[in-house]
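Shown next, in C-alpha cells, is the structure this report addresses.
Letters A, B, ... are given to chains in the order of the sequence lines, protein chains preceding strands, and every chain is numbered from 1.
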Protein chains: 2
Amino acid sequence: MTVTRLDIDLDRSSPVPLYFQLAERIAEAIQNGELPSGTRLDNEVQLADQLGLSRPTVRQAIQYLVDKGLLVRKRGVGTQVVHGQVKRAVELTSLYDDLRRAGQQPETRVLSIDTVPAEEDVAGVLGVAPGTPVLRLERIRYASGEPLALLQNWLPAGVASLTAEALQARGLYELLRSAGVRMRVANQRIGARTATPAEARLLEERRGCPLLTMVRTTYDDQGRAVEHGSHVYRASHYALEVTLVER
Amino acid sequence: MTVTRLDIDLDRSSPVPLYFQLAERIAEAIQNGELPSGTRLDNEVQLADQLGLSRPTVRQAIQYLVDKGLLVRKRGVGTQVVHGQVKRAVELTSLYDDLRRAGQQPETRVLSIDTVPAEEDVAGVLGVAPGTPVLRLERIRYASGEPLALLQNWLPAGVASLTAEALQARGLYELLRSAGVRMRVANQRIGARTATPAEARLLEERRGCPLLTMVRTTYDDQGRAVEHGSHVYRASHYALEVTLVER
DNA sequence: GTGAATAATTTGTCAAGACATACTTACTTA
DNA sequence: TAAGTAAGTATGTCTTGACAAATTATTCAC
C-alpha cells in the first residue's frame, strides 16, 4: 500500500473555506490520476501538520469526499481512494440540466402555458384547495433535433413568473432558482407504460411504444410544494443514469 | 416562529456516540409531532448548554439530520424543521429490502444458479476477462403472490457462496452483506421497454407489455465490482419511489 | 416617516488538545 | 510452527475557545 505525497497550495486570503479548497484539490488529484484508485492518503495528523491546518479541518475535507464516494476511511488503517466508479451523483436537477451536462443540445417547445383551476390530484400534491388557480406548463423537450420527452408541470400561483421565451431558453429548475426559489426535497416516482396515440404522435414513435415515466413533486426549504411534474420519455432514446453511494 | 423546548436524555455510558443519540432523539421528535414542521430549534449555543454537550457535538447531530433532509439551517437565523415530505431516501438496497419495507411479502423463485463463462459485456462491467467463470442467478420475484420482476445477476467467482435456498429466504444484498461484502457504490440505469414473449409469460402479462428496466453494477469499498444485475419489472405493478434531497 | 448605519443574533469556519476504539503488526510462549 | 498477547497505528468522538459571515432588529440622522 503506497502513500503518495501531494502538492497542495491553500489560499488563506480566499473567501473559499480551507476545508473546501483541500477537498477540491484532492478530488482534482483523484480525477487526473495523481492519486490513483487504491492509493492511501497520509494520515490525518500528518496531513494537518504538512498543510498547517487543524485536524478537524482536514477531517471535514475528507468527510466531504467520503460523502461523495471518492474516499473511504477505516479506523486503525487510514484513508484510501475508492475506485473511480462514481459516474453521476443523485441530485435535484431538471432534464434540461441533465441533457446539457451530457453534451446534448436541449431544445424546448412550449405547447401551452396557462393558469388553470387545480384538479383534485394536483391540488392535493401542491397543498392548495381544488379549483385554486395554478400555472400549468406543457412542453416538448428535444435533443439533437429529435423529440425526447413530453413535460407537464404545475406550479402554485406566484412562485415565479414564467414566459414561453424563458422556458425555451433555460430549464425550469434554473428559472426557479433564478427567481429565488430554494428547492430542497423532491419526491419522485419512476415507472413505465405504453404511449397513448397522441403521445406517440408528438414523440414521433409508433402507437403503444414504451415510455419511461416520472412524476415528481418538489418542495422548497420551508417545505412548501413549488412544482409538480408529470413527464414521459421515449424509452428508445432516454434512460436515467445515477450513482448511489452508501454513506 | 415558535421555539419548542425538547426533553432529551443522553446516555453517556452507552457506546452509541452522543451526537448520534441526539440526532435520533430529534428525528423521533420530528416523527411523532413534538417538533412540527416549521418549528425552530433553540440555537446551537443554547442547545449545547442545556444538554451539557460541546457545540461541535451538537452541530454534528444537526448536520446529520440536515443531510437527511429533516432540518434546514440558515446563518444568522437558526435551525428549523423542514416539512415532513421526505418519504424514501436514496439508498443502496435491493428489491427484496424495498418490498419488505413496504410491507409486501416478497417471495423468490430461483430459476437457475450456475457458473458460466462471462460474456464480453458482463466481463467488461465486472472487470474480468471474457470467458472467466462467473456466477449467474436467474430469479422471479413475487409480491402478494403475483410475479413482479425477473432478476438476472452476475457475480465474480468467490464473492460469496450462494444457494438457491438462501436466495429464496433473503435478498441478494442481505446475503452479500452477511458474507462480509461491503457494498459502497452502485451505478444504475433505469429505462423502459416492451416485454419479450418469454418475459410476458413468466410475468403473467400480455405480450409487448411495458417493463420498467434497471441495470445496476455494484462496487465494494475497494472499488471492485461485486455484482451486476439486469432486472425487469411489471410496470403495471411496480414503480420506483425515491426522495431526492439537495445538500 | 424613511433610509442608512449600527448592533444583536446565529450559524460557519477554524484551532488545539485529549481520550476511545478498531485494525494491523510484532513479539512471546507453548 | 501456531496461537495468543502486547504494542503500534490511525480514525472516531468529544471538549474548549475564538473569530468570520449572513441575517435580522434597532437606532440614528435627515
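Residue B:Tyr19 has no polar side-chain atom (N or O) positioned under 4.0 Å from OP1 or OP2 of D:dC14. For D:dG17, the OP1/OP2 oxygens have no side-chain nitrogen or oxygen of B:Arg55 closer than 4.0 Å. Distances shorter than 4.0 Å separate none of the side-chain N or O atoms of A:Arg73 from OP1 or OP2 on D:dA10. Proximity of B:Thr57 to the phosphate of D:dT13: no side-chain N or O atom is located under 4.0 Å from OP1 or OP2. For the pair B:Thr79 and C:dT10, the criterion of a side-chain N or O lying under 4.0 Å from OP1 or OP2 is not met. For the pair A:Arg12 and C:dA15, the criterion of a side-chain N or O lying under 4.0 Å from OP1 or OP2 is met.
Residue A:Pro15 is classed as having no contact, given no heavy-atom separation below 4.0 Å to the nucleic acid.
In summary, B:Arg170 and B:Glu165 do not engage in a salt bridge, as defined by a charged side-chain N under 4.0 Å from a carboxylate O.
Within 6.0 Å of CD on B:Gln31 lie no more than 12 heavy atoms contributed by other residues, nucleotides or ligands.
Atom P of nucleotide C:dT10 and atom CZ of B:Arg59 are separated by 14 Å, given to the nearest angstrom.
Of the two residues contacting DNA chain C, namely A:Gln60 and A:Val77, the nearest-nucleotide position lying further toward the 5' end is that of A:Gln60.
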Go through the steps to decide whether A:Gln188 and A:Arg216 satisfy the test side-chain hydrogen bond (donor to acceptor under 3.5 Å, both in side chains), and finish with yes or no.
CA-CA 4 Å; A:Gln188 182 166 295; A:Arg216 181 194 277 189; 2.7 Å; yes
